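Owing to the predicted nature of the structure, the values given are computational and were not obtained by experimental measurement. FYI, side chains are in, hydrogens and waters are out, and symmetry mates aren't considered; it's all heavy atoms of this structure.
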Protein chains: 2
Amino acid sequence: MLLYKDEGTAMIDTLKKFGLRATPQRMAIMQLLQGNTSHPSVEEIYHELKPKYPSLSAATVYNTLEALAKVGEIQEISIDPQRRRFDPNPRPHCHFLCNRCQRVYDLDIALEDLPVPHQAGGFNIQSFSLYLYGECEHCSSKDDGTKI
Amino acid sequence: MLLYKDEGTAMIDTLKKFGLRATPQRMAIMQLLQGNTSHPSVEEIYHELKPKYPSLSAATVYNTLEALAKVGEIQEISIDPQRRRFDPNPRPHCHFLCNRCQRVYDLDIALEDLPVPHQAGGFNIQSFSLYLYGECEHCSSKDDGTKI
DNA sequence: AAAAATAAAATAAAAATTATTTTTTGTCAA
DNA sequence: TTGACAAAAAATAATTTTTATTTTATTTTT
C-alpha cells in the first residue's frame, strides 16, 4: 500500500518481494505516490518527475504503474473516461468524480457491505468498482458555475 | 432509448426533439446502435460504417455519441480503461467486463436497491456506476486460459 | 432567393497508450 | 572476479484515441 516509515529500504524490499528491480525511476514514482490522494494520471506523474529525472519517459511511468497494479500494491481506477488514473491505496474503496472540476476523491463507503453477488447470470464476478458522480463541496459552494 | 418500430421517422423525431439534425451519418450510427448489446467503442462503430459512408470520420462518431449521451438517449460507460464505450440503453444498469476477452456485458442487477447515499462526506452525489470484473461464461468454460 | 447565422462534417492536430529498440542490470561459467 | 549471456527495464518510436480547427452543409432571416 505504499506507506513506509523507512521509505527507501521498505520500497526496495517491496519491489524485491515481487521480483521487480529497484530502479531510480520506480523509486521516484513510488515516492510520489506515497500518501497521494489526488489519483494522478500518467501525464501528471510524468510531468512532476521529469525535471528531476530528465531521461524519464511516459512509457516508464506506464510500465511501473502497471507492474505495481499487477502485484496489488496500487490500483487503477477507470472512473475518468478521459484518462487512466491510479490510487496508491489498493484496498477496494469508493471513488467520486466531480463533474465540474474533474477531481477524483476517495469516498469512505463500506464496499464490503454492498450486496454484490459473486455469481450472476453465468458471470464469475471477481471484483467490482463503485464510481460516484456529482459535485464536490468546493464546486457546490460556487453557485456561478465556475470550477474551484 | 433507440428502440423504434418505424425506425426512420422515429429517429428523426427523436433528433428533432432535442434540436439535432437528422443527418445520414447520425441516422446510420443510431441504426447501428439499435438493440446493440456489445457496447461498441468509437473505433468499432467507425470501422463498421466506413465502407457504407466513405466520408465518415471518427470525429463525427464522437460528436454524435456525445450529443446523444448529453440528451440522455444513450449512455457512456467507462468500465474499460482502454477506451470509451457506449450503451444504447440509457437507463442505469450494471456492466460486466470480462478480464479475458475484454467484452462488456449488461448485467441485470437492480441498481435502484443499492444503498448508495445521495450525500456523503460533503459530496453531492448525482449518479453512480457499478462495474463488475471477472470471467464470462464463455471464457470460464475454456480452462486453458485462452479467450473465446 | 440571397445573405447571414448556425450546426455538423471532415481534416488536422494533440494527447494518450502501446510496441519496438536500446540500455542497463543481474546471473553464471570460466 | 570478470566476461558473456540472459533478463529486465528504460527510452524511443509508432500507433491509437481524442480534441480542436477548418470546411461544408443546412437552416433562418430578410
Q: Whole Å only: how far is the CZ atom of A:Arg83 from the C1' atom of C:dT17?
A: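 So the two atoms are 13 Å apart, to the nearest Å.
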Q: Mind checking what makes side chain to side chain contact (heavy atoms under 4.5 Å, CB included) contact with A:Ser38, not counting sequence neighbours?
A: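 Scan of A:Ser38 (side chain to side chain contact (heavy atoms under 4.5 Å, CB included), adjacent residues dropped) gives A:Asn36, A:Pro40.
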Q: Tell me every residue that passes side chain to side chain donor-acceptor pair (under 3.5 Å) with A:Glu66, counting only those two or more places apart in sequence or in another chain.
A: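 Applying side chain to side chain donor-acceptor pair (under 3.5 Å) to A:Glu66 gives A:Arg84.
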Q: Within this structure, what is the CD-to-P distance between B:Glu66 and C:dA7, rounded to whole angstrom?
A: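 In whole Å, C:dA7 P lies 17 Å from B:Glu66 CD.
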Q: Rounding to an integer number of Å, can you tell me how far B:Glu43 CD sits from C:dT17 C1'?
A: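 Distance, rounded to whole Å: 14 Å.
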Q: Separation of A:Gln82 atom CD from D:dT16 atom C1', in whole Å?
A: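 About 16 Å, once rounded to whole Å.
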Q: Below 3.5 Å, can you tabulate the donor-acceptor pairs from side chains in residues 109-131 of chain A to any protein atom, sequence neighbours excluded?
A:
{"from": "A:Gln126", "atom 1": "OE1", "to": "B:Asn99", "atom 2": "ND2", "distance (Å)": "3.1"}
{"from": "A:Tyr131", "atom 1": "OH", "to": "A:Ser78", "atom 2": "N", "distance (Å)": "3.0"}

Q: In whole Å, I'd like the distance from the CZ atom of B:Phe18 to the C1' atom of C:dA7.
A: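 So the two atoms are 17 Å apart, to the nearest Å.
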Q: One pair to check against side chain to side chain contact (heavy atoms under 4.5 Å, CB included): B:Ile12 and B:Met27. What are the steps and the verdict?
A: CA-CA 8 Å; B:Ile12 293 170; B:Met27 302 283 279; 3.7 Å; yes
Q: Please report the shortest heavy-atom distance between B:Ile74 and B:Leu33, naming the atom on each side.
A: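 It is CG2-CD2, 4.4 Å.
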Q: Could you tell me the separation between the CG atom of B:Asp87 and the CD atom of B:Gln75, rounded to the nearest 0.5 Å?
A: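 The CG atom of B:Asp87 sits 5.0 Å away from the CD atom of B:Gln75.
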Q: A:Asp106: what forms a side chain to side chain donor-acceptor pair (under 3.5 Å) with it, not counting sequence neighbours?
A: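 Partners of A:Asp106 by the side chain to side chain donor-acceptor pair (under 3.5 Å) criterion, ordered by chain and then number, come out as A:His39, A:His93, A:His95.
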Q: Under a 3.5 Å cut-off on both pairing distances, which runs of 3 or more consecutive Watson-Crick or G-U pairs involve DNA chain D?
A: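 Only these stems qualify: C:1-30 with D:1-30.
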Q: How do A:Lys50 and B:Val42 order along DNA chain D: which one's closest nucleotide is nearer the 5' end?
A: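 It is A:Lys50 whose nearest nucleotide is closer to the 5' end.
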Q: Rounded to whole Å, how long is the line connecting atom NZ of B:Lys16 with atom P of D:dT27?
A: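 So the two atoms are 8 Å apart, to the nearest Å.
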Q: Could you state the CG-C1' distance from A:Asp80 to D:dT19, rounded to the nearest angstrom?
A: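 Checked: the CG to C1' distance equals 15 Å.
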Q: Under 4.0 Å from OP1 or OP2 of D:dT18: is there any side-chain N or O of A:Arg84 that close?
A: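 For D:dT18, neither OP1 nor OP2 has a side-chain N or O of A:Arg84 closer than 4.0 Å.
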Q: Scan nucleotides 6-11 of chain D nucleotide by nucleotide, 5' to 3', and note B when protein non-hydrogen atoms come under 4.0 Å of the base, S if they reach only the sugar-phosphate, - if neither.
A: -BSSBB
Q: Under 3.5 Å, is there a donor-acceptor pair between the side chain of B:Thr64 and the main chain of B:Val61?
A: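 It does not hold such a pair.
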Q: Are any side-chain N or O atoms of A:Arg100 and backbone N or O atoms of A:Cys139, one a donor and one an acceptor, separated by less than 3.5 Å?
A: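 The answer is yes, because a donor-acceptor pair under 3.5 Å joins these two groups.
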Q: Rounded to whole Å, how long is the line connecting atom OH of B:Tyr62 with atom P of D:dT16?
A: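 Atom-to-atom, B:Tyr62 to D:dT16, this comes out as 13 Å.
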